[in-house]
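We name chains A, B, ... by the order of the sequence lines, and we start the count at 1 in each one.
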Amino acid sequence: MHGRDEGQRTALVVTQRPGLGAQLSEAIEGLGLAARVITSLDHLETHADVRPALVLTDVALRPTETQWHALAQLFPRSALWVVADPGESSIRDVTYALKHGCHDCLTLPVTTDELGKKFAGSDRRPGAKPGELDRYMSNEINLELPSDISIIEHVVRLLAGCCRDYRSYGPRTLVNLRIALSEALTNAILYGNGGDRSKKVRLRASVDAWQIKVQVTDEGPGFDHQQTPDPTSDEAIEAPGGRGLFLLRQLADEVAFNEPGNSVTLTLRSEWEEATVGESVRPLSKDAEALVGLSERIRLSSEADLHLWREGIEGRLEHIAPAEEKAATPEGTLHWLRTPGMRYAVEVRPAGDECSDRWAEFTRDLLDEALAYELRLAESRRDLAEREEEIELLHSISETLGAVTRLEDAASQILKGIVRLTGAERASLWIYDSGREDLVLAASEGPARIPVDRISVTSSSSLSALAFRENRTVRLDQLGELPSAIAERFGARPEPWVSVPISYTGPSGAKRTVGVLNLIGRKSGAVVTGVGETRLLMTLARQIGSAIENLRLFEEIVARERVIGELELAHDLQMKLLPDLSEFSEIGDIAARCVPARPVGGDFYQLFKLADGKIGAMLGDVTSHGFGASLIMALTMSVSGIYVRETTFPGDLLRAIHHALIQKLESTEMFMTVFYGVIDPARRSLCYANAGHAHAFRVHDEEEPQRLRSTSPPLGIAEYGAYGDASVPWQPGDLLCLFTDGLTNPSLRTTEAAVLRAVAEQRHQSAAEIVGAMFEARSRRGEAAPDDQTAFILRA
Amino acid sequence: MNFEISHHNDVTVVEVTGQLIVANRQELKDDVLKLLDAGSRKFLIDFRDTAYIDSSGLGVLVSLSKKIREKGGEMRLSNLNEDLRTLFELTKLDTLFHIAETRDQALKDF
């Protein structure tokens, strides 16, 4: 939540329309705030002293992304709203504004009352008293739209965006909302207003944590909604009309019409609500469960008589913990939780007790904080899971891309040809698997199914095994010359059967048997058993042998190339994960070089533009290199991106990374050293947390580089509570110099000194030149195993 | 790299010569775990002739120390050269290990 400032008593209005300026000033002054009207978004810094509670910007000025960014930078504690006329032209601009940092949209005309209500609902309003928040925690949208179906998309996106701010709506509800609202608007525009562009459609929507209510009203005569048939019934299934309405009823929890029927109100309830309807103690949502658990812990440790309440449907209080027979009216002091989207209260009994108020406030604050944290954590976990899936998806795609011609396909082609050529009834091709000493069925042709797909080469009853073992052609019609096990198996009058060994003579002249070809049965008129045919078969078998061997070699080469290709892809992917430094050129002179020892590595760096002009810089080194390390590296970058803006101190971010990755690190026995520093140019300080990273320095002027010492052991080794913070002064022009031990190993101290000397000598050059010099000075490694090498320089 | 394993009373001393790096760390790990399974509980890893430990070598030391602790044993390190001592200090790993100057000092009150 944002800090509130009792001193913010001004609202800033930016517009070039005098009438609008006057109207807004009046509404603002009605709230007891002072209004200052300015006409341009240029030179905003001249108003930095105002510290406005609220900044209202006329959408007609069409503020750019940069201007919204500037507003947010300059007035970090203010509510930033855009003011718009209802109507087609501004919808796009409003959507754009909301996407780029604007917090809310105010639709004209505006009265003091409306402004006050909306302002009270904003979590950025200053000086709000706890307890009144729950009453106003809603988001209202009021739009007058032209009858033009092209606006539907924008309106739906706008509303869905509002709902996404609440944790209580899952993707299912949001999808339902999008479809239902599109249907309702289509009905209003095409049927209600008959597509007449002079007629308007009015949209009123209110959103809070529990329900989304949207009313769509057109200027048409209305219709009899009760007469619309169920389109899935037999008589209506072919009829084109009525489907929109049927859909609405399926998607929304409630659909209500006015008389005469030109206004429809859709209600979609949060998925939480469904979980809490019922008598006595209800099945609770995950968040409520967490809350109950927390309050239980506080109750046990403090022996206070704590009770938990939530506001249910129609504002009735429902007692949810500890379990109790009757839901009594409060007998103590009731305090509402302030976490947005939560409608819970904690009660301390009995009332009137001197310390119960203090207790309640303390408990509430504690619960608020803990709950907000758990909610954020749950959200981040979901984000994280999604990103992990992305990485895995990329991997499987790259695998599919590398598919090659398969040996089995080739074998089956060969066999088809042989059957056609020899007139055999059926044929099978067996390839030798040296690992298991088996003949493996590669292909078969003909009507009969072959009962096994593996034959041991030692089998005494198998003709194929015999032909392979003795490397000679075996015929079943020469029963007398065959082992008794085979003779017994096939009986006195066997069908024609020839087993031909397939051999391969390599370039060196060595001959190997690689498989067996079986030809069985005889189609009428065809002969396979003559002497001439036998010679033909031998020739064929040799051809097959070469083909199979070549194919196997080919497959090996392709497989190897595919692995190399995948590694290249992985390398490119990983390099793309690293930030594009050109995006950070306005905050300082920055350069970095990351050279993995293998195609992928475990070194990384990361940069963040933080609030109030602060800069976050991270450099990490995952032990070992290769795929495992690169996965940890990717996850760390994701996790830090998710948490960086939610954490106050650098150590908090390392704790968040610890929390997210500790299981992976422990199960793989990897760990990583991470430095994370936040430079605050305004306060001239560098606050950092260093989990076991050896080489982190601040270089100030002519002084000896100052080592930014570890504040904890490396991540994956340190305990959760171990991550500390430290802080050093920061002067403009100072260098933050970070590198990994790939630059210094194996002789840590001498090479570190050399690298630092290079930095000191090049201190006045560009960051890129300094990084170049660091690589020049790095260790020549000698016998040491190659390691990822990374250097990072930031001058701010 | 070589390991030389000797026994002093109930302490198993593993002397590491050369480097402890990604290529040979598994060997050290397997050897020590085998001894742990066989009942040894006190281990001293002596680095008198070790020039260099890379990060995966450190990882093995950490994981071995954890496994030995879980079985109620203890692992100590001795004879780190100046570079290695600096490495342990800079990464704050010195707070996690019992590090002795010499082998005798490590053995004295083990």
Has B/N9 got more than 12 heavy atoms of other residues, nucleotides or ligands less than 6.0 Å from its CG? no
Would you give the length of the straight line joining atom NZ of B/K92 to atom CG of A/N690, rounded to the nearest 0.5 angstrom? 9.5 Å
Which atoms of B/L96 approach chain A - backbone, side chain, both or neither, heavy atom under 4.5 Å: side chain
What's the separation between atom OG1 in A/T673 and atom CG in B/L90, rounded to the nearest 0.5 Å? 11.0 Å
Side chain, backbone, both or neither of B/L58 within contact of chain A (heavy atoms, under 4.5 Å): both
Which residues, numbered in order, of residues 694-712 of chain A come under 4.5 angstrom of chain B by heavy-atom distance? A/A694, A/R707, A/R709, A/S710, A/T711, A/S712
Would you say that more than 12 heavy atoms from the other residues, nucleotides or ligands in this model lie under 6.0 Å from the CZ of B/F110, or not? yes
In terms of heavy-atom contacts, does CD of B/E4 have more than 12 from other residues, nucleotides or ligands at under 6.0 Å? no
